[in-house]
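Input: a single structure, listed below in structure tokens.
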Amino acid sequence: MEKEIVLSGIRPTGFLHLGNYFGALRNYVRMQDAFNCYFFVADWHSLTTHPDTTELRNSVLRVIAENIACGLDPDKVALYIQSDVPEIAELYLYLNMLAYKGELEKTVTFKEKLRRQPDNANAGLLTYPVLQAADILIHRAVKVPVGKDQEQHLEMARNFAERFNYRYGNVLPLPHAFNYGDNLVKIMSLDGSGKMSKSENQLATLYLADDGDSIRKKIMKAKTDQGPSEPNGVKPDYIENLFTLMSLVSAPGTVQKFEDDFNASSAGNCIIRYGDMKKQLAEDMAAFIQPIREKAADIQNNKLLLDRIIRQGADKARASASETLKLVRSAIGIKYM
Ligand code: TRP
């Protein structure tokens with residue numbers, strides 16, 4: 001049986017962090033044997049919000065290197081850069097004729113970005129979901145590992161595909177969001193304010209490129225409090241987050257010890273020592289991130305290797321994309337000889 005096609009994209013708008021790793025990359029690595037996988041760096045998408053492109057090249061190459069350092073095998077998956085696949089732009093053009101101004105204006109992410117950059121309401125921002133649909137449909141992918149915030153975009157991709165199929169004939173399978181349910185970990189920023197972010201609140205986010213010292217500093221500054229007020233109390237979310245992080249990188253016995261300390265603590269009898277917990281977490285986290293950081297740096301410094309990987313990814317992606325485009329063109333009727 002043919003393997004199902006999985007596809008996901010990541011915008012090169014900053015440094016990859018632990019949330020990217022545990023929420024996405026780690027799952028991609030699990031998918032690479034069971035599925036026919038396409039993973040790409042969405043550099044065109046990043047132009048909708050980042051007109052300053054001086055850092056673009058570094059970011060794109062770093063994301064590629066970090067993906068491999070996290071365990072993606074470029075011989076198993078197609079790992080490529082969006083702009084290396086011009087077929088995506090052509091499909092985007094066709095899909096734009098099937099996307100309506102009204103629905104694009106209603107997109108939650110569009111409204112959110114308009115609020116953030118009211119002076120840059122460009123058409124690329126408006127049609128961001130159309131480009132994302134083209135990314136997916138160009139490989140006729142059916143499974144798209146993304147977080148909750150992307151579900152509306154996926155629904156739009158299905159709508160565009162359905163309209164295409166209705167108008168021109170059945171060419172594009174409908175894509176759905178997909179994740180290993182047991183494995184969806186949410187990682188908050190260390191100051192307890194929202195999710196970790198590629199570009200914001202950098203002192204409360206742990207990046208895959210952070211060295212041991214910055215990891216220790218950031219974790220020691222993580223938000224805590226005076227401790228539980230009653231035995232077996234409920235953890236505030238910023239404390240829960242420290243336990244989550246610990247369960248991801250520390251030995252089970254270590255986590256259990258702090259769990260037990262937490263549960264035995266109450267006002268006036270605080271057994272858990274958050275300082276000790278953070279020290280332990282910092283060491284385990286530093287040890288966890290170090291090999292990823294070093295491997296990513298090695299790859300990034302090896303221009304020959306990077307070049308080969310990027311070319312190989314582009315070749316795989318273009319082979320699949322051009323097949324879809326052939327079907328698309330002939331379904332539309334753009335085939336004159
Ligand atoms: N919009 C996605 C994000 O912000 C990135 C993305 C672009 C993507 N194209 C995609 C994700 C196609 C999945 C499939 O995270």
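Counting starts at 1 for both ligands and their atoms, following the listed order. Values below: every heavy atom of this structure, side chains too, minus hydrogens, waters and symmetry copies.
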May I ask you to decide whether Glu105 forms a salt bridge with Lys101, counting only side-chain N to carboxylate O separations under 4.0 Å?
yes
May I ask you to decide if the ring planes of Phe262 and Phe243 are parallel, tilted or perpendicular, using 30° and 60° as cut-offs?
perpendicular
Pick one of side chain, backbone, both or neither for how Gln82 approaches ligand 1, counting any non-hydrogen atom pair under 4.0 Å.
neither
Taking everything shown except Phe15 itself, do over 12 heavy atoms lie less than 6.0 Å from its CZ?
no
Quick look: Ile136 vs ligand 1, heavy-atom contacts under 4.0 Å, and the answer is side chain
Close-contact set for ligand 1 against Val146 heavy atoms, below 4.0 Å
11 (C), 13 (C)
Quick one: look up the protein heavy atom nearest atom 1 (N) of ligand 1 and list residue, atom name and how far away it is.
Tyr128 OH, 2.7 Å
Have a look at ligand 1 and work out which part of Tyr38, if any, has a heavy atom under 4.0 Å from it: side chain, backbone, both or neither.
neither
Between Arg318 and Glu90 (salt bridge meaning N to carboxylate O under 4.0 Å), is one present in this structure?
no
No-hydrogen, no-angle side-chain donor-acceptor test under 3.5 Å, Thr109 and His153
yes
Between Leu131 and ligand 1, which residue portion shows a heavy-atom distance shorter than 4.0 Å: side chain, backbone, both, or neither?
neither
Would you tell me whether Gln32 and Asp73 have side-chain atoms, one donor and one acceptor, within less than 3.5 Å of each other?
no
Among non-hydrogen protein atoms, atom 14 (C) of ligand 1 lies closest to Leu7 CD2, 3.5 Å
If we number the atoms of ligand 1 from 1 as shown, the ones under 4.0 Å from a heavy atom of His45 are 7 (C), 9 (N)
What protein heavy atom sits nearest atom 6 (C) of ligand 1, and how far away is it?
Gly9 O, 3.9 Å
What's the shortest distance from atom 10 (C) of ligand 1 to any protein heavy atom, and which residue and atom give it?
Gln132 CG, 3.5 Å
Looking at Lys218, Arg216, Lys217, Arg293, which one forms a salt bridge (Lys or Arg N to Asp or Glu O under 4.0 Å) with Asp210?
Lys218
In ligand 1, the atoms that come under 4.0 Å of a heavy atom of Ser8 are 13 (C)
Closer than 4.0 Å to some heavy atom of Val144 - which atoms of ligand 1 meet that?
13 (C), 14 (C)
Looking only at protein heavy atoms, which one is nearest to atom 9 (N) of ligand 1, and how far off is it?
Asp135 OD2, 2.7 Å
Heavy-atom nearest option to atom 2 (C) of ligand 1, drawn from His153, Lys198, Gln150:
Gln150
Option among Tyr128, Phe40, Tyr92 that satisfies the ring pair (Phe, Tyr, Trp, His ring centres under 6.0 Å) test with His45:
Tyr128
Would you indicate whether Tyr100, at its atom OH, is surrounded by more than 12 heavy atoms from other residues, nucleotides or ligands within a distance under 6.0 Å?
yes
